[in-house]
Protein chains: 2
Amino acid sequence: MANRRASITDLAKTLGLSPSTISRALSDHDDVSEATKARVRQLAEELHYQPNQLAAALRRGRSNTLGVLVPHITGHFFPQVVHGIATEAAKLGFNVMICQSNEDTRQEHKNIDLLMNSQVEGILVSLANTTHDFGHFEAVRQQNIPLVFFDRVVEDFEGSNVSAVVLDDYQGAYQVVTHLIEQGCTRIAHFSGPLHLNIHKNRHQGYLDALSAHGLANDKDLEVFCEMNQKGGMQAMRQLLKLPQRPDAVFSSNDLAAVGALQVAKIHRLRVPQDLAIVGFSNEMFTSLTEPMLSSVDQRCEQMGKTAVQLLQKMLKSGPNRQGPPKPIVLKPKLLVRESSQRR
Amino acid sequence: MANRRASITDLAKTLGLSPSTISRALSDHDDVSEATKARVRQLAEELHYQPNQLAAALRRGRSNTLGVLVPHITGHFFPQVVHGIATEAAKLGFNVMICQSNEDTRQEHKNIDLLMNSQVEGILVSLANTTHDFGHFEAVRQQNIPLVFFDRVVEDFEGSNVSAVVLDDYQGAYQVVTHLIEQGCTRIAHFSGPLHLNIHKNRHQGYLDALSAHGLANDKDLEVFCEMNQKGGMQAMRQLLKLPQRPDAVFSSNDLAAVGALQVAKIHRLRVPQDLAIVGFSNEMFTSLTEPMLSSVDQRCEQMGKTAVQLLQKMLKSGPNRQGPPKPIVLKPKLLVRESSQRR
DNA sequence: TTGAAAGCGCTAACAA
DNA sequence: TTGTTAGCGCTTTCAA
């Protein structure tokens, strides 16, 4: 009994009206009599009429749907951003279609095609880390579908309908180091991931610039490139403790490695933050669970998603004909000082 | 220059063929000559032809899209499940449309309608915790759209096209307690959330049954109902330590409260696991970061998403006419013994 | 092997 | 205020 759904035509026949009147009544169009509207609405209710968005979208040429393409929906960052996107999109009346590239350019390519085929009105993308060629976004640009990159963006890909939302990692790192200096730290070490990744490059540069801005020398021994996980942080910390003059602070480019540093510090009976101040990056959930609680930098994940959607909507509204692409939006990170770096 | 996209009609005109031939060629239909196919494919390539899925879906009556409705995409559990869903759906060739109810029944209702309007072929739902009335799923059932509940399910809502995937919380708890007993623990405390939530109720029951199965008395003093977060765990632990005879193990219904217990135990100089063994539930990421590392129960989040999609597809294939609803699928949890409970 | 024609359900000119 | 008509882009029967 595959109960076919009631259609506008069905309503029209039942009420002896034309489909157009039904359509207008349902969308509360001005020039339909209240009496008719009432009749239509009641019958629609009774028959559990559900408008077929596919048909409406096809006819209107607008699908009311946004496409989202992320590397994955795991870990801390992307779920939060996706949450922000979904929430804001719902608020603005958009549906959201979500794809994962699994950090694979080929998948990314396919998914872009898929989203285009689905007639999404705009696309939000965070790039796979294997993506270096941007041919697959050419079609999006050509068809003037608004495209917003977030977090992992293309630097040199411009178009009147392309924009980006990113976090100011440089600024975040700069704040951290400034804070540590204010706490009286003078030998500030840095754990960094590979510099070909933007996030690490920018955080690293923020570290260097903050040091020199405050007249501190950059001691190469204090820069450690390590695996940015707990184990990597532990190794890096052990390495630092072997130095003739050990550091009095560690700024880690992520929270996991910072936890590693914290654990090694405790093993070596260093008091945190008195002997060694530690600050991480990303404000992962577990930063409030360590002892002492770990200072970190909030990446405004949810805000990023929200902002990206708002930007997309702005592009959608202003239409494709205008001068130049919108400026990228740079979100300010927020330093959260907790016990691990608060010497008071 | 809103470059209108190339359509089948466009291709047809350019090549002097009929739309039907183009359509057949593009879908690699048997009775189109290879020569024609080649010509069509080449032109399609050149014009960056993108099939309009909306139109195809409307015509076919199948949208190729699954709807997902979760309370939210934050925390540990739901992002993981959504990840599993998205991954499996992509593998099976489905698009995925995602909505959040924000734990609000009214939102849930709206979203269900939205998904139906979008002509999704099936719906995956985890209920808002405020949902007690299920009228909004009536329409789904009536129209025979396959419906799979996961994790937070409706107990008494049946239909030939409704099913569920859940975790065996009872079994997980039972395993934990058995393990603790095997480690020599005899006074095993339990932190529980409110029993009107299924997860806590089932874990609580598993705890009780495992105790009595092994001939241990159930000491009411050892059952603590607390806020299931770090602070709640700390308070609960302090309370337990005031008992004339303190427990030698804690099984917490989630990991956050377990961390709280761990911290209080350390403050009181109890050795974990020798003096006090601790086990949590959910296998959150931070369980590997504590010292000692926290034993926990893996909820198979990703597997749950995957299973739910597979089940949905099975329902889709077998069609609406068949005897009785598919049986709910109960996933077996996995106890992960780490340092906090391994006395060896 | 190809084409003609109809129609999925809806909306929006235009006409009445 | 309502109806007529056409068509969004595609697929699919039926006919050639």
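First the proteins, then the strands, lettered A, B, ... as listed; each starts at 1. This structure is a prediction, so every number in the text was calculated from the model and none was measured.
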In numerical order, the residues of residues 43-55 of chain B whose heavy atoms come under 4.0 Å of DNA chain D are B:Tyr49, B:Pro51, B:Asn52, B:Ala55
Whole-Å distance, A:Gln119 CD to D:dG9 C1', equals 9 Å
(message) Under 4.0 Å between a side-chain nitrogen and a carboxylate oxygen: does that hold for B:Glu34 and B:Arg39?
(response) no
#### Entry: Ring centres under 6.0 angstrom apart (B:Phe137, B:Phe149)
yes
OP1 or OP2 of C:dG9 under 4.0 Å from side-chain N/O of A:Ser7: no
Rounded to whole Å, the CG-P distance (B:Leu58 to D:dC8) equals 13 Å
Do A:Gln310 and A:Glu88 have side-chain N/O donor and acceptor atoms under 3.5 Å apart?
yes
Sequence neighbours excluded, the answer for side-chain contact (heavy atoms from CB on, under 4.5 Å) partners of B:Ala55 is A:Leu58, B:Asn52
Here the distance between atom C1' of C:dC10 and atom CG of A:Asp10, to the nearest Å, is 13 Å
Separation of C:dA12 atom P from A:Arg62 atom CZ, nearest Å, is 9 Å
Polar side-chain atom of A:Glu103 near backbone of A:Asn129 as donor-acceptor pair, under 3.5 Å:
yes
Next on the checklist: Taking any heavy-atom pair under 4.0 Å as a contact, classify A:Ser27: base, sugar-phosphate, or nothing.
Outcome noted: nothing
Report each atom pair, protein N/O against N/O of nucleotides 12-16 of chain D, whose distance is under 3.5 angstrom.
unit_1: D:dT12; atom_1: O4'; unit_2: B:Arg59; atom_2: NH2; d: 3.4

*Where the side chain of A:Lys37 meets the backbone of A:His29, is there a donor-acceptor pair that is under 3.5 Å apart?*
yes
Atom NE2 of B:His29 and atom P of D:dC10 are separated, to the nearest Å, by 17 Å
Check: Is any NZ, NE, NH1 or NH2 atom of the basic residue among A:Asp104 and A:Lys110 found under 4.0 Å from an Asp or Glu carboxylate oxygen of the other?
Finding: no
Rounded to whole Å, CE of A:Met116 lies from C1' of D:dG9 at a distance of 16 Å
B:Leu17 atom CG is separated from C:dA4 atom P, nearest whole Å, by 11 Å
Practice task
Establish, with yes or no, whether the OP1 or OP2 oxygen of C:dT2 is under 4.0 angstrom from a side-chain nitrogen or oxygen of B:Thr36.
Solution key: yes
To the nearest angstrom, the CD1-P distance between B:Ile8 and C:dT2 comes to 15 Å
* Under the 3.5 angstrom rule, does the side chain of A:Asp10 hit a backbone N or O of A:Ser7 as a donor-acceptor pair? -> yes
Checklist entry - Is a salt bridge present between A:Asp28 and A:Arg41, judged by a nitrogen-to-oxygen distance below 4.0 Å? => result yes
